[in-house]
Asker: 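After the structure tokens below, expect a handful of questions from me.
Just so it is clear, the model here is predicted, and its values are computed rather than measured.
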Amino acid sequence: QELMPDPLLWLGVKKIDRFISMSDMKYNAVVGSGIEIVTRVDIPEELIPADARVEIDAKMYAGYYAGSKQVKTWDELNQTIGRQAALDEAEAAAKAAKAAATA
């Protein structure tokens with residue numbers, strides 16, 4: 001992450017008006033390189049895909065930048081449901097394996 005701002009510096013960037021990233025490491029690297037960040041923007045809720053909810057919730061719980069979003073408690077975090085398609089695929093694979101074993 002420390003080298004991440006280098007291309008911005010090579011391009012002559014001195015200021016970023018709106019920085020959209022949850023990563024404190026990226027934010028700290030950019031600011032630490034001398035680039036001013038005017039406004040740090042949290043990722044808009046409507047841009048977070050439903051199947052990314054588990055990852056986003058876990059990152060916010062771990063301390064990533066959440067902006068105005070409510071950080072879930074540990075109990076709420078444990079109730080987050082991941083991608084349904086993966087569960088459906090696992091069930092289908094289990095049924096197929098069972099059917100193959102009995103055939």
Side-chain angles (χ1 to χ4, degrees):
Q1 298 293 338
E2 291 178 19
L3 300 176
M4 188 271 303
D6 285 353
L8 298 173
L9 293 170
W10 296 332
L11 292 169
V13 174
K14 304 259 187 244
K15 178 171 91 171
I16 297 173
D17 290 318
R18 295 174 51 85
F19 186 76
I20 303 175
S21 175
M22 292 182 73
S23 172
D24 288 330
M25 289 174 56
K26 286 184 179 118
Y27 173 82
N28 292 335
V30 170
V31 171
S33 72
I35 298 172
E36 176 189 358
I37 292 180
V38 177
T39 304
R40 193 167 180 190
V41 180
D42 56 327
I43 299 171
E45 198 67 39
E46 62 273 9
L47 295 182
I48 301 172
D51 64 349
R53 189 80 261 162
V54 172
E55 179 183 358
I56 297 296
D57 288 347
K59 283 183 173 187
M60 289 190 313
Y61 183 81
Y64 277 63
Y65 181 72
S68 61
K69 291 181 184 60
Q70 176 68 34
V71 177
K72 291 184 175 185
T73 65
W74 178 251
D75 290 334
E76 292 170 329
L77 190 65
N78 283 318
Q79 295 173 10
T80 302
I81 297 174
R83 186 178 301 177
Q84 183 62 40
L87 296 174
D88 293 342
E89 290 174 40
E91 288 175 8
K95 286 179 185 177
K98 186 176 181 180
T102 59

Asker: With rounding to the nearest 0.5 Å, note down the distance linking CD1 in Ile35 to NZ in Lys15.
Answerer: 13.0 Å

Asker: If you round to the nearest 0.5 Å, how far is CD1 of Ile37 from CZ of Phe19?
Answerer: 4.5 Å

Asker: Counting C-beta onward and ignoring hydrogens, is there a side-chain heavy-atom pair between Glu45 and Ile56 closer than 4.5 Å?
Answerer: no

Asker: Just how far is it from atom NZ of Lys14 to atom CG of Leu8, taken to the nearest 0.5 Å?
Answerer: 11.5 Å

Asker: Quick one: OH on Tyr64 to NZ on Lys59, what's the gap to the nearest 0.5 Å?
Answerer: 5.0 Å

Asker: Please name the pair of heavy atoms, one in Met60 and one in Gln70, separated by the smallest distance, quoted to 0.1 Å.
Answerer: CE-O, 4.1 Å

Asker: Do Val30 and Val41 belong to the same hydrophobic cluster, where Ile, Leu, Val, Met, Phe, Trp and Tyr are linked whenever their side-chain heavy atoms lie under 4.5 Å apart, directly or via other members?
Answerer: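 Looking at the clustering, Val41 is in a separate group from Val30.
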
Asker: Mind checking whether Val13 and Val31 sit in one hydrophobic cluster, side chains of I, L, V, M, F, W, Y counted as touching below 4.5 Å?
Answerer: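 Linked within one cluster.
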
Asker: So, the side chain of Glu76 versus the backbone of Thr73: is there a donor-acceptor pair under 3.5 Å, distance only?
Answerer: yes

Asker: So which heavy atom on Pro5 is nearest to which on Ser33, and how close?
Answerer: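 The pair with the smallest heavy-atom distance is CB-OG, 3.6 Å.
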
Asker: Rounded to the nearest 0.5 Å, what separation is found between the CD1 atom of Ile43 and the CD1 atom of Ile20?
Answerer: 8.0 Å

